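Side-chain atoms are counted along with the backbone in the values below, which use heavy atoms only and exclude waters and symmetry mates. Just so it is clear, the model here is predicted, and its values are computed rather than measured. Start at 1 with the first residue, then count along the sequence.
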Amino acid sequence: MTRKAQLKVDLDAKLADDFAAAVTSAQTSESEVLREMVQDYVERQKVDSGYRQFLEAKVARGREDVAAGEVVAADDAERMFAERRDLALKASRS
């Protein structure tokens with residue numbers, strides 16, 4: 001069974017008038033527009049939550065690597081990849 005709920009939104013008068021005019025010109029209802037906006041927001045939050053969890057796990061793994069001493073300093077990484085780029089460039093010219 002679908003549960004119905006009401007939502008009260010406080011808007012300033014001009015925004016409320018502009019919203020009502022936009023809804024009228026779109027030949028829809030305020031309820032339908034708000035329902036779609038709420039659904040879109042809920043879906044975005046689900047996606048954002050999934051990404052946040054992914055990112056937190058990635059940060060946790062990085063912290064574990066740092067704690068275990070399994071890191072490469074930024075300068076060393078840049079030097080290593082500069083050497084790789086030079087080798088690749090030389091190989092492409094051969």
Backbone of Q45 reached by a side-chain donor or acceptor of S49 within 3.5 Å: no
Rounded distance [0.5 Å steps], CG in L34 versus OG1 in T28: 10.0 Å
E30/R35 ion pair, N-O < 4.0 Å: no
Step-by-step salt bridge (charged side-chain N to carboxylate O under 4.0 Å, His left out) determination, R85 to E78: CA-CA 10 Å; R85 284 189 298 272; E78 180 56 39; 2.8 Å; yes
L15 with V9, same ILVMFWY side-chain cluster at under 4.5 Å: yes
Derivation and outcome, side chain to side chain contact (heavy atoms under 4.5 Å, CB included), residues E43 and K46: CA-CA 5 Å; E43 289 303 313; K46 288 178 184 176; 3.4 Å; yes
Presence of salt bridge, R63 and D65, under 4.0 angstrom: no
Value rounded to 0.5 Å, distance of CZ in R93 from CG in L89: 4.0 Å
Within 6.0 angstrom of D86 CG, more than 12 heavy atoms from elsewhere: yes
Salt-bridge contact E56-R52 (side-chain N to carboxylate O under 4.0 Å): no
Geometric cation-pi criterion R44 and Y41, 6.0 Å radius, 45° cone: no
Pairwise side-chain contact, K58 with R61, heavy-atom cut-off 4.5 Å (strictly under): yes
L87-F81 co-clustered via ILVMFWY side chain contacts under 4.5 Å: no
Shared hydrophobic cluster, V71 / V59 (ILVMFWY, side-chain heavy atoms < 4.5 Å): no
Salt bridge K14-D18, side-chain N to carboxylate O under 4.0 Å: yes
